[in-house]
Amino acid sequence: MSEVRVRFAPSPTGHLHIGTARTALLNWLYARKMDGSFIVRVEDTDLSRSTAEFEESILEDLAWMGLNWDEGPDIGGGFGPYRQSERFDIYRKKTDELLETGQAYRCYCAPEELEERRKARLAAGLMPKYEGTCRELTAEQEAAHLAGGKKAALRFRVPDGTITIRDLVRGAIDFSSEVIGDFIILRSDGSPSYHLAVVVDDGEMKVSHVIRGEDHITNTAKHVPLFRALGYPVPEFAHNAMILGPDGGKLSKRHGATSVDEYRQRGYLPEAINNYLALLSWAPEDTKEVFLLHELAAAFKIDRISKSPAIFDIAKLNWLNGQHIRAAGMERITNLCIPYLRDAGLIDEDELSEDDFAHLVQIIEAVRGNLTVLAEIPAYAKIFLSEFEIEPEAREWLAEPGLPEVLGELREALVARGELDFDAGKEVVLGLREHFKALGITGKGLFMPVRVGLTGSAKGPELPYILNILSKEEALARIDAVVEEAKKARQ
RNA sequence: GGCCCCUUCGUCUAGCGGUUAGGACGCUGCCCUCUCAAGGCAGAGAUCACGGGUUCGAAUCCCGUAGGGGCCGCCA
């Protein structure tokens, strides 16, 4: 049983896309499940579009998702370098070999010429593949091209016959070599093409399984003969289906966020993203839906990757995010909420004291059940952190007949006690119920005045939470303000 | 245009020859309850894309058709 080695090979030409992240996740899950290696390899052969910033951003998002790698451009490994731009000499050596053995040949066709012929073929209803113009050039013809100062690109001579690719999720898929034109492996400027770089690297890095999007199925038909020509064992392949937008089309900007960092900024937890992406591409054997990353890895089966494209459903992601927000540790959630509270001006820019933090934990614990995304936290935490005010929707309760008595009694109960905790808050609430039962003040008539008296809002967490969070001083001040307001409202 | 892939509730899916076609999100209702959520329970929602076969029996196997998607670059 040979070691499982899988790789994630992003092109640093943009931020980590949600679909790319999904492919990364699938590879990572398989590596961890099989106790293999997860390799990150940067595919930056397109020097003009690749940037160091994007590479860094992608790695950062990957790390945020918790998809740690065993080998990669930043940490190295036994098969480096892990940036294709640093491997050009390896590709060159390999193409020399192919050229020597006649498995590759020089092509002198100009790009414009090629483009023209491609269009012509398309217009004529033919397959727009390379026609093989330079496939059988004589020594004289080559010499003539060279004499004319033409730079050559290198093409792979695709062997005739049927190419069968084995796909772990779809089974065997046959292609006729007829439909695959000889493709470029080395550009005329000497840089490798994607096809060459991928195959050489997967071969050199001893990649055992290639898990990637189904948009690569036809590429795989090109890669398999190239693996053979280069003398590498052919890895196993698994192609996962695409992620679609709500309209069934390609997932794009107009459907909302498409990059991982956008989701992070909106307050999605990495475990929710991972959980959702996994469920979108693969099905566990039981009916469990909420998974942590390590649970996903344990349950993952490559042959249960789904074959059909899936529509990205933000509602389910939201639900999962809520689930994970509720399940996560309080301190962590609190820390993650702090930036949103800062941006909303609800807490100071300065470092929080330990007491401030403990206070925040109480607040967030009380309201996190309402959250879909962390970014919503200011709306719920506001009643505890901003200057006290009575919300318009709460004002109708000022006219509640029992309000003055209820708040009077509440005030007394608070004064009679020290600082409250949750349980003491509960006792106070129970005490009020007991006290007003005889007076016929119950239910909403009793507790809505309490709620409005303490928070100025008609909605919010359960009363004991509120009593726990508010200092006695603050609670009394609020009660007095509401009683005052109620008096005015009655005049 | 050619080649390739895909097709079960609105959405994600289970199913791998005999099931009342199961689960989840969303939706509706009820319960809990001082409110909003959360949570619990219940319900609506799928002629298994369509048409032919094979079979005693097909969502499941085979062949067509349709629809959707992908690829056919000196992008990756």
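Chain naming here is simple, since letters A, B, ... match the order of the sequence lines and numbering starts at 1 in each. Just so it is clear, the values below take in all heavy atoms, side chains as well, and ignore hydrogens, waters and symmetry mates.
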Mind checking who [N] pairs with, Watson-Crick or G-U wobble, both distances under 3.5 Å?
N	value
B:A58	none
B:G1	B:C72
B:C36	none
B:A14	none
B:G43	B:C27
B:U19	none
B:A66	B:U7

Side-chain N,O ([X]) to OP1/OP2 ([N]) below 4.0 Å:
X	N	value
A:R304	B:G15	yes
A:S306	B:U13	yes
A:T45	B:A76	yes
A:R118	B:G73	yes
A:R212	B:G70	no

**OP:** On RNA chain B, check which nucleotide each of A:G181 and A:A315 is closest to and give me the residue with the more 5' one.
**Re:**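 Here A:A315 is the residue nearer the 5' end.
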Original post:
Starting at the 5' end of RNA chain B and moving along, which residue's nearest nucleotide shows up first, A:K307 or A:A9?
Top reply: A:K307
Taking the [atom1] atom of each, how far is [N] from [M], in whole Å?
N	M	atom1	answer
B:G67	B:C50	C1'	10 Å
B:C3	B:G10	C1'	33 Å
B:C5	B:C41	P	43 Å
B:G22	B:C48	C1'	13 Å
B:U54	B:A14	C1'	26 Å

**OP:** Kindly determine whether A:T455 and A:R478 satisfy side-chain hydrogen bond (donor to acceptor under 3.5 Å, both in side chains), including the steps that lead there.
**Re:** CA-CA 8 Å; A:T455 68; A:R478 287 179 173 201; over 6 Å; no
Identify whether any heavy atom of [X] sits under 4.0 Å from a base atom; if not, whether one sits that close to sugar-phosphate; answer base, sugar-phosphate or nothing.
X	answer
A:H239	nothing
A:S188	base
A:N219	base
A:A310	sugar-phosphate
A:E214	sugar-phosphate

Original post:
Do the ring planes of A:W282 and A:F291 sit parallel (below 30°), tilted (30 to 60°) or perpendicular (above 60°)?
Top reply: perpendicular
Restricting both atoms to N or O, compile the protein contacts to nucleotides 63-67 of chain B shorter than 3.5 Å, with distance only.
none

Original post:
So, for A:H223 and A:Y194, which heavy atoms are closest and what is the spacing to 0.1 Å?
Top reply: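 That closest heavy-atom pairing would be CE1-CE2, 3.9 Å.
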Original post:
Which letter, B, S or -, goes with each nucleotide of nucleotides 28-46 of chain B from 5' to 3', with contact meaning a protein heavy atom under 4.0 Å?
Top reply: ------BBBSSS-------
**OP:** Determine, for A:E204 against A:K94, whether the closest basic-nitrogen to carboxylate-oxygen distance falls under 4.0 angstrom.
**Re:**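 Between A:K94 and A:E204 there is a salt bridge, with a charged N closer than 4.0 Å to a carboxylate O.
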Subject >> Nearest to side-chain heavy atoms of A:I311, which nucleotide of B:A14, B:C6, B:U11 >> reply: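 The answer is B:U11, which lies nearest to the side chain.
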